[in-house]
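Have a look at the structure below before the remarks.
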Amino acid sequence: MNYSCGYWRHASTLEEAQTAKMELICRKLDLQPGMKVLDIGCGWGGLCRYMHEHYQADVTGISVASEQIRYAKEHDPEQAIHWLCDDYRNLTGSYDRIVSVGMFEHVGRKNYATYMQKVRSLLKKDGLFLLHTIGANYQKSGADPWINKYIFPNGMLPAPVSLSKAFSGLFVLEDWHNFGADYDRTLMAWYERFEKGLKEGGFTCHEEVRRMYRYYLLSCAGAFRARDIQLWQLVLSPHGVDGGYRGVRNLGPDRN
């Protein structure tokens with residue numbers, strides 16, 4: 001249920017790629033036991049559980065999607081995570097680390113500054129913020145009309161200049177990692193599972209819905225393969241990491 005791009009650098013299966021993505025995020029954030037972590041737009045809760053189980057972090061997940069929060073709670077029987085069904089803008093408090101995966105695409109350009117200001121107000125002075133988002137090579141007025149109507153209503157992909165403008169004066173940019181080509185492979189893995197599920201009777205849907213999802217998954221895979229759209233992970237800090245930030249790309253056993 002990790003509905004975002006996997007990290008395929010050393011992965012051969014979808015499960016390995018999604019686990020690698022979560023591990024990459026944890027290492028980029030330099031998570032330590034007991035840290036207070038906020039996941040903005042926590043989806044189905046997989047990353048929150050991973051950060052708690054593998055790094056003993058004190059994690060809060062927030063989303064406006066009530067069904068996702070319900071699912072996350074059901075898969076957290078010990079209630080180890082603080083699950084909130086609310087707008088992130090209503091939050092107060094202070095966190096050592098903040099992460100947001102696949103949510104910024106739904107913020108909208110008019111709200112980019114508000115988003116960054118809110119994150120900054122919630123992050124401790126020596127904290128780190130990781131933003132994982134699809135991005136466009138140049139600023140567009142909105143999403144593809146078909147995608148907007150059937151898949152992601154009111155979605156908008158940020159351009160580099162829009163992102164930079166939004167966090168300018170609030171954060172120091174520590175790292176900007178582009179692994180958009182990995183989304184091609186992720187989408188193809190989803191497509192293969194979708195087709196296999198239909199063939200084996202794991203689920204059923206109308207032919208119109210089948211065509212819709214085939215078009216969505218394959219056309220988006222093509223867009224990433226053509227490098228028309230990207231997948232970025234930004235690491236931001238309020239005042240700059242003392243001595244400099246050490247970026248992470250490889251996932252060796254020493255966590256470097």
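Note that the coordinates shown come from a computational prediction; the quantities given were computed from them, not determined experimentally.
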What pair of heavy atoms forms the shortest contact from [X] to [Y], and how long is it?
| X | Y | value |
| --- | --- | --- |
| Ala136 | Pro160 | O-CD, 3.2 Å |
| Gly127 | Pro238 | O-CD, 3.2 Å |
| Ser4 | Tyr183 | CA-OH, 3.5 Å |
| Arg227 | Ala181 | NE-N, 4.4 Å |
| Gly135 | Leu157 | C-CB, 4.4 Å |
| Leu84 | Leu91 | CD1-CD2, 3.7 Å |

Does [X] belong to the same Ile/Leu/Val/Met/Phe/Trp/Tyr cluster as [Y], with side-chain heavy atoms less than 4.5 Å apart forming each link?
| X | Y | answer |
| --- | --- | --- |
| Phe104 | Leu234 | yes |
| Tyr88 | Leu38 | yes |
| Trp8 | Leu187 | yes |
| Leu236 | Tyr95 | yes |
| Leu170 | Val99 | no |

Under 6.0 Å from the [atom1] atom of [X], do we count more than 12 heavy atoms belonging to anything else shown?
| X | atom1 | result |
| --- | --- | --- |
| His239 | NE2 | yes |
| Tyr150 | OH | no |
| Tyr138 | OH | no |
| Glu208 | CD | no |
| Asp242 | CG | no |
| Lys165 | NZ | no |

Could you check if a side-chain atom of [X] sits within less than 4.5 angstrom of a side-chain atom of [Y], using non-hydrogen atoms only?
| X | Y | value |
| --- | --- | --- |
| Leu251 | Arg9 | no |
| Val241 | Leu128 | yes |
| Tyr55 | Tyr50 | yes |
| Met116 | Leu163 | yes |
| Cys42 | Gln68 | no |
| His75 | Trp44 | no |
| Asp30 | Met35 | no |
| Val119 | Phe167 | no |

Reported [atom1]-to-[atom2] distance for the pair [X] and [Y], which is rounded to 0.5 angstrom:
| X | Y | atom1 | atom2 | result |
| --- | --- | --- | --- | --- |
| Cys220 | Tyr191 | SG | OH | 14.0 Å |
| Phe194 | Arg210 | CZ | CZ | 7.0 Å |
| Leu122 | Ile40 | CG | CD1 | 6.5 Å |
| Leu47 | Gln18 | CG | CD | 10.5 Å |
| Leu173 | Tyr245 | CG | OH | 10.5 Å |
| Asn154 | Glu105 | CG | CD | 14.0 Å |

Tell me the salt bridge (Lys or Arg N to Asp or Glu O under 4.0 Å) pairs involving residues 173-191, sequence neighbours left out?
-> Asp175-Arg249, Asp184-Arg225
Centre of Tyr7's six-membered ring, under 6.0 Å away, within 45 degrees of the axis: is that where NZ or CZ of Lys21 sits?
-> no
Evaluate the ring planes of Trp176 and Trp232, with Trp represented by its six-membered ring, and classify them as parallel (under 30°), tilted (30 to 60°) or perpendicular (over 60°).
-> perpendicular
Tyr115 and Phe129 aromatic ring geometry - parallel, tilted or perpendicular at 30°/60° bounds = tilted
State whether the side chain of [X] and the backbone N or O of [Y] hold a donor-acceptor pair below 3.5 Å, judged by distance alone.
| X | Y | result |
| --- | --- | --- |
| His132 | Ser100 | no |
| Asp76 | Ala72 | no |
| Glu23 | Thr19 | no |
| Ser63 | Gly43 | no |

Go through the steps for Val59 and Lys36 under the test side-chain contact (heavy atoms from CB on, under 4.5 Å), then give the verdict.
-> CA-CA 6 Å; Val59 186; Lys36 289 187 63 178; over 6 Å; no
Take Glu195 and Tyr213 through the test side-chain contact (heavy atoms from CB on, under 4.5 Å) and record every step on the way to the result.
-> CA-CA 10 Å; Glu195 291 295 313; Tyr213 272 92; over 6 Å; no
For side-chain contact (heavy atoms from CB on, under 4.5 Å), just list the numbers for Met51 and Cys26, CA-CA rounded to whole Å, side-chain angles, deciding distance to a tenth of an Å, and then say yes or no.
-> CA-CA 7 Å; Met51 292 188 292; Cys26 291; 3.6 Å; yes
Give the intermediate values and the outcome of side-chain contact (heavy atoms from CB on, under 4.5 Å) for residues Met22 and His54.
-> CA-CA 10 Å; Met22 294 189 291; His54 293 267; over 6 Å; no
Decide, yes or no, whether a salt bridge links Lys196 with Glu192 under the criterion of side-chain N to carboxylate O below 4.0 Å.
-> no
